[in-house]
Amino acid sequence: MSQHARGQRPEAAPFTERTPRVVAARHLTRRQGRDKAGRFLVEGAQAVREALAWQGGQVHELFVTETAAERNPELLQEASNAGIRISEVTDKAADSLSETVTPQGLIAVCDAVPQPLDTALQGTPRLVAVLYGVSDPGNAGTVTRVADAAGADAVIFASDTVDPHNGKCVRASTGSLFHLPIARSRDAAEVFAACRTAGLRLVAADGYAKQDLVEASAKGELKQPTAWVFGSEAHGLPDDVVASLDTSLKVPLYGAAESLNLATAAAVCLYASARDQRS
């Protein structure tokens with residue numbers, strides 16, 4: 001590894017899986033460790049690139065194998081220019097920090113991303129995605145990516161939804177976690193109240209709703225500032241939650257499919273609102 005790539009350790013041997021800083025970083029693979037430290041891990045060149053460009057927080061350290069350093073010299077130069085500590089690690093140490101089947105040997109330690117609810121919803125938001133009780137991290141990360149692509153103003157992780165810093169959730173978001181405000185609160189009532197205070201209409205995505213997206217669009221309802229509320233993959237939204245929201249809408253199914261998965265349904269709903277709000 002080149003001298004600049006080693007950052008502050010130009011002559012040191014690579015860290016192993018037993019080096020204290022690697023051990024400390026490994027605690028961030030668990031939610032309890034992330035919550036305690038207020039930090040999380042980001043793996044892979046694309047995600048690390050997004051983290052380095054992030055204006056909302058700080059990258060504290062970059063762990064990199066010799067092979068990954070040779071593949072990503074521009075990333076290491078960017079990190080070095082920003083004064084970020086760069087630590088060469090062995091392949092085994094990198095594997096111990098990775099939650100993927102094929103580790104990429106490039107892992108950043110970053111500040112946690114969630115903001116307070118009122119901060120995430122400040123200004124005049126037009127489109128927000130609320131995840132309620134979503135347990136699958138891949139789906140949660142994909143919905144975050146979809147919300148980003150649709151130009152949403154924020155994503156809120158409500159109730160017992162998976163941690164946005166979960167490794168699979170971070171990877172599925174492909175960097176979108178750094179692009180728009182993220183908030184989380186176990187108190188769903190607090191989330192819904194904050195959305196209403198921000199002037200958002202709360203709309204449940206519900207396969208059993210009487211009205212569908214096409215009908216709502218024809219009436220001009222989707223032009224309104226909207227917080228879409230998406231429920232869990234297996235059970236959707238509880239009846240009492242649906243009843244507490246302003247309305248519920250379903251995605252029309254024209255073929256024989258019984259339903260859409262969460263991420264696909266979220267994409268249809270968010271883009272329907274985005275299209276009507278921009279038309």
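The residues of the chain are indexed from 1 along the displayed sequence.
Counted by atom type alone, Q77 and N81 present one or more donor-acceptor pairs between their side chains at under 3.5 Å. Side-chain contact, H27 with Q32: no donor N or O sits under 3.5 Å from an acceptor N or O. With no hydrogens or angles considered, a side-chain donor-acceptor pair links R39 and H60 at under 3.5 Å.
Not a single ring pair (Phe, Tyr, Trp, His ring centres under 6.0 Å) links F192 to another residue, sequence neighbours left out. Under the side-chain contact (heavy atoms from CB on, under 4.5 Å) criterion, D163 pairs with R31, R34, H165, R184, not counting sequence neighbours. Taking the side-chain contact (heavy atoms from CB on, under 4.5 Å) definition, one finds that R49 meets it with A45, Q46, E74, L75, sequence neighbours left out.
Between the side chain of T142 and the backbone N or O of G138, at least one donor-acceptor pair lies under 3.5 Å. Here the side chain of Q211 pairs no donor or acceptor atom with the backbone of A209 at under 3.5 angstrom. Remark: the backbone N or O of S273 is not paired with any side-chain donor or acceptor of R126 at under 3.5 angstrom. No donor-acceptor pair under 3.5 Å is formed between the side chain of S217 and the backbone N or O of V214. Although no hydrogens or angles enter the test, the distance criterion places a donor-acceptor pair under 3.5 Å between the side chain of T16 and the main chain of R18. A donor-acceptor pair under 3.5 Å links the side-chain atoms of Q277 to the main chain of Q224, judged by distance alone. Checked by atom type and distance alone, the side chain of R171 pairs as donor or acceptor with a backbone atom of G167 at under 3.5 Å. With K250 contributing its side chain and D212 its backbone, the two residues share no donor-acceptor pair below 3.5 Å. A donor-acceptor pair is defined here as one N or O able to donate and one able to accept, closer than 3.5 Å; no such pair exists between the side chain of T19 and the backbone of V22. At distances below 3.5 Å, not a single donor-acceptor pair connects side-chain atoms of T65 with backbone N or O atoms of V89.
Here the straight-line distance linking atom OG of S87 with atom CZ of F63 works out to 5.5 Å at 0.5 Å rounding. Atom OG of residue S173 and atom CD1 of residue I182 lie 7.5 Å apart, to the nearest 0.5 angstrom. Between L213 atom CG and L222 atom CG the span is 6.0 Å, to the nearest 0.5 Å. C195 contributes atom SG, which lies 7.5 Å from atom CG of L117 (distance to the nearest 0.5 angstrom). Taking OG of S232 as the start and CG of L262 as the end, the distance is 8.5 Å to the nearest 0.5 Å. Rounded to the nearest 0.5 Å, atoms CD (Q115) and CG (L121) are 9.5 Å apart.
Under the side-chain contact (heavy atoms from CB on, under 4.5 Å) test applied with V113, the options V42, V170, L177 reduce to a single match, L177. Only one option out of L62, L52, N72 pairs with E78 in a side-chain contact (heavy atoms from CB on, under 4.5 Å); it is L52.
Counting non-hydrogen atoms of other residues, nucleotides and ligands closer than 6.0 Å to CG of D240 gives a total above 12. Counting non-hydrogen atoms of neighbouring residues, nucleotides and ligands closer than 6.0 angstrom, the CZ atom of R26 exceeds 12 such neighbours.
Of the charged side-chain nitrogens involved, at least one lies within less than 4.0 Å of a carboxylate oxygen, so that R201 and E221 count as a salt-bridged pair. Comment: K168 does not engage E99 in a salt bridge, judged by the lack of any side-chain N to carboxylate O separation of less than 4.0 angstrom.
For the pair D153/L180, no side-chain contact is recorded, criterion being any heavy-atom separation below 4.5 Å from C-beta on. S159 is not listed as a side-chain neighbour of R186, based on a closest heavy-atom distance of 4.5 Å or more. Using a 4.5 Å heavy-atom cutoff, the side chains of S135 and T161 are not in contact. F230 places a side-chain heavy atom less than 4.5 Å from the side chain of L270. Contact of the T226 side chain with the L202 side chain is not registered, since no non-hydrogen atoms from C-beta on lie closer than 4.5 Å. At a threshold of 4.5 Å between non-hydrogen side-chain atoms, the residues W228 and V130 do not count as touching. Contact check for L260 versus L253: side-chain heavy atoms found under the 4.5 Å cut-off. For the pair T100/E43, a side-chain contact is recorded, criterion being any heavy-atom separation below 4.5 Å from C-beta on.
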